[in-house]
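Chain A is the first sequence line, chain B the second, and so forth, proteins listed ahead of strands; every chain is numbered from 1.
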Amino acid sequence: MPRMIVEVMLKQEIHDPQGEAIASACHRLGFGQVRGVRQGKRFEVELDGPADEAAVTAITQLARELLSNPVIEDFTLHADGT
Amino acid sequence: MTGPDLVAADTVERAAATAGQPQPYAELGLKQDEYEKILAILGRRPTAAELALYSVMWSEHCSYKSSKVHLRQFAEKAPPSGALLAGIGHNAGVVDIGQGYAVTFKIESHNHPSYVEPHQGAATGVGGIVRDILAMGARPIAVMDALRFGPAAAPDTARVLPGVVSGISFYGNCLGLPNIGGELDFDACYAGNPLVNALCVGVMQHGDLQVAEAHGPGNKVILFGSATGPDGVGGASVLASATFGDASAESAAKRPSVQVGDPFTEKLLIECCLELFAGGLVTGIQDLGAAGVACATTELAAAGTGGMAVRLDEVPLRDATLGPPEILMSESQERMMAVVEPGRVAEFLAVCAKWDVRAAVVGEVTGTGRLVMTWHGEPVVDIPAATAADGPVYTRPLARPAAQDELAASDPAALPRPAGGAGLRADLLALLASPGLADKSWVTDQYDRYVRGDTVLATPEDAGLIRVDEATGLGIALATDGNGRYCRLDPYLGTQLALGEAYRNVAATGARPLAVTNCLNFGSPEDPAVMWQFAEAVRGLADGCAVLGVPVTGGNVSFYNQTGTTPIHPTPVIGVLGVHDDVRRRPGIGFPAGAGPAALVLLGRTEPEFGGSAWAYVCHGHLGGRPPMPDLEAERRLAGLLAAAAAAGLLAAAHDLSEGGLAVALAESCLRGGVGCTVQLSGQLSGQLSGSLAGDPFTALFSESAGRCVVALQPGADEAFASLCAEYEVPAQNIGATGGGSLTVTDCFSVPLDELGAGHVRTLPELFG
């Protein structure tokens, strides 16, 4: 089934307390080489039609309006397997 | 803000050598005459870091430059109070509640950030006010939020409200603080300018009081808590101290990066600070809020010995690209600054390490009177600290707007009144289902109201009530109130009405009101009409507090709440704190169920007062006339009566009358208790209504005359209560009794409780659920 993958991350300058909590857990667990972690979200959106240009346009709109908060987050998207 | 205008290495030396170089002061929100004042103070151009520091410290938000001349009245007119341990000028006021306990409380706005990013804006509003309370030496024990939004059905309200509520619940619930009350209202004037006012209250022992002062040259200055990032750079100067433009591109460009709250770090910071206080490791402490390091260093220095040397390169950073101006202006959350004797630094750092709180020694107190900051050894700031802490003071022009008379002339007496019992019944149901008066459970159920196990009363009760001492039952009651419609009609009286209502709400639990905090939400101070509203509101509050005998202990001013040239209604939100001698003896608002009929008594005088009323607004979309006339002497007597009656165990329920009058109060008490009531208005009320109003059920039901309360008496309490009413000179009339499954007004109408509650409960879930 055709899928679009949407990945949402906090903008680079926005504080990511969850990422920091994960980074400090890494250190506690002995992964001393971990310098920092930023955490995001990945959405796998299954499509009823092909992952064509029209689908990209539609899912871009979906990502902007529903899957991300454009005030504090950025997103990227691509068709699965590409 | 990290553009070429803010060069990181702009040193004092370089500034002196390039005295004439133009600086981007206007972009940072400074006016030309303010910039010239800085030039005169320094005798040279400011460095980029100094410019950043002055721009945030002299912003409206931090300096109170437009409000100061008016706010002085709170001190000048303050009634004598033996209870005040710390007043205006501290992070928050501190009140003695007896048995060795002291309470500190304050309310603050987070309006603009909550509009930009509702969830994080509201969350960090909670975090900020909690740190204010913590900085006084107290353990925060509860929060409240007073919220106002645009029309409930507007699309933007559907964006802002759920985000604000989720932000408050996220932060407060993670922190483990009960949210015990507040307000929720809607009006078109708040579209684009939601009001998110957060209150926190904390408890300590008298000896725990901390000061925000940096004394003792040689003492170390320690920054602890979260690392500093580019969050909210310029928030105080360009976000909170300016109006959002209509052009969205312009306002988007103005927006600093959103601050993200981390309640788990805040929780660690609370426990860490309390352990530091208990160990006597701190000589002075300040929270970092608006204007971050700039504000904490200048205020600590100016309030103490006067000087401080700070090494900005020692500030722990989340983003290594930040330079001195950004570090000074950053509003990264969950940070505190402490002054510590050199010999105690190791112990201090050990406590921080125990709680996983990052801490760094960033400077020392000096006796020079100057605030000197270096960046890798080079001075980038060298100013007299007091000049930044004491900003400019403006006596802004004020003018009563001409439209005020037209508004007053639009008397609601001319509005068509409901015809007969059926009409009265329909208007009551319409009021109960209107968003401003509807059941607030959809919001308050998202807040943890009972965590910590000391919540005695919470929303939808008249006031939040928290037990402070388990053994004696000592407690505190808190309420916030504000009414933009009343204040629009008359800001002086409207503010006194808000004060009176909050005072009455506290009294209705049986508590004795002790002290006042305020959050003054207004439009632009550069508009003389807004400035007139502000001046009237402050005068009204100061005069009102003098009559009630409760001092203002602190507060916050939020200007620039307007879209384009249209300001919000003037909306002072008043918080009143009271002490309860025994929380086990407190009436709630719910009529007692399953205990036989309880006599209902209406306290206070009822006049035909409909200006700014919920009835005029909901049933006719009307705002005009004059607001009800407050009688604060009567309010004081009523509060005395309620405290005495509660202490004597005479009250089964008590509910204050406010928006929607007697009708809405009776409905709320019926629904809360799950039991009906039958009241007679004709004849019985004639002793209270002026002669021509006898037999006017419309006025009896919907008038919003101030200083009134309805109580349900304990069995057999009638005589004792009547003599107390006589003693306190409070007009009292028996209006009926509780019982049955309907709210019945004899010879008028009857509504079964199911029907009474149906619309009331449905409104908010249908809008936002």
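Note that CG of B/Asp356 and CZ of A/Arg28 are 7.0 Å apart. Values are rounded to the nearest 0.5 Å.
Pairing each heavy atom of B/Asp231 with each of A/Glu13, the nearest pair is OD2-O, 4.4 Å. When every heavy atom of B/Gly261 is checked against every heavy atom of A/Pro17, the shortest pair comes out as O-CG, 3.9 Å. When every heavy atom of B/Arg318 is checked against every heavy atom of A/Glu20, the shortest pair comes out as CD-OE2, 3.3 Å.
You'll find the side chain of A/Ile14 reaches within 4.5 Å of the side chain of B/Val258, heavy atoms only.
Remark: of the listed residues B/Gln120, B/Glu117, B/His119, B/Glu117 is the sole one forming a side chain to side chain contact (heavy atoms under 4.5 Å, CB included) with A/Val71.
Other residues, nucleotides and ligands place no more than 12 heavy atoms under 6.0 Å from the CD atom of A/Glu53. The local environment of CD in B/Gln446 is crowded, with over 12 non-hydrogen atoms from other residues, nucleotides or ligands closer than 6.0 Å.
Contact of A/Ile72 with chain B is made through the side chain alone, with heavy-atom distances under 4.5 Å.
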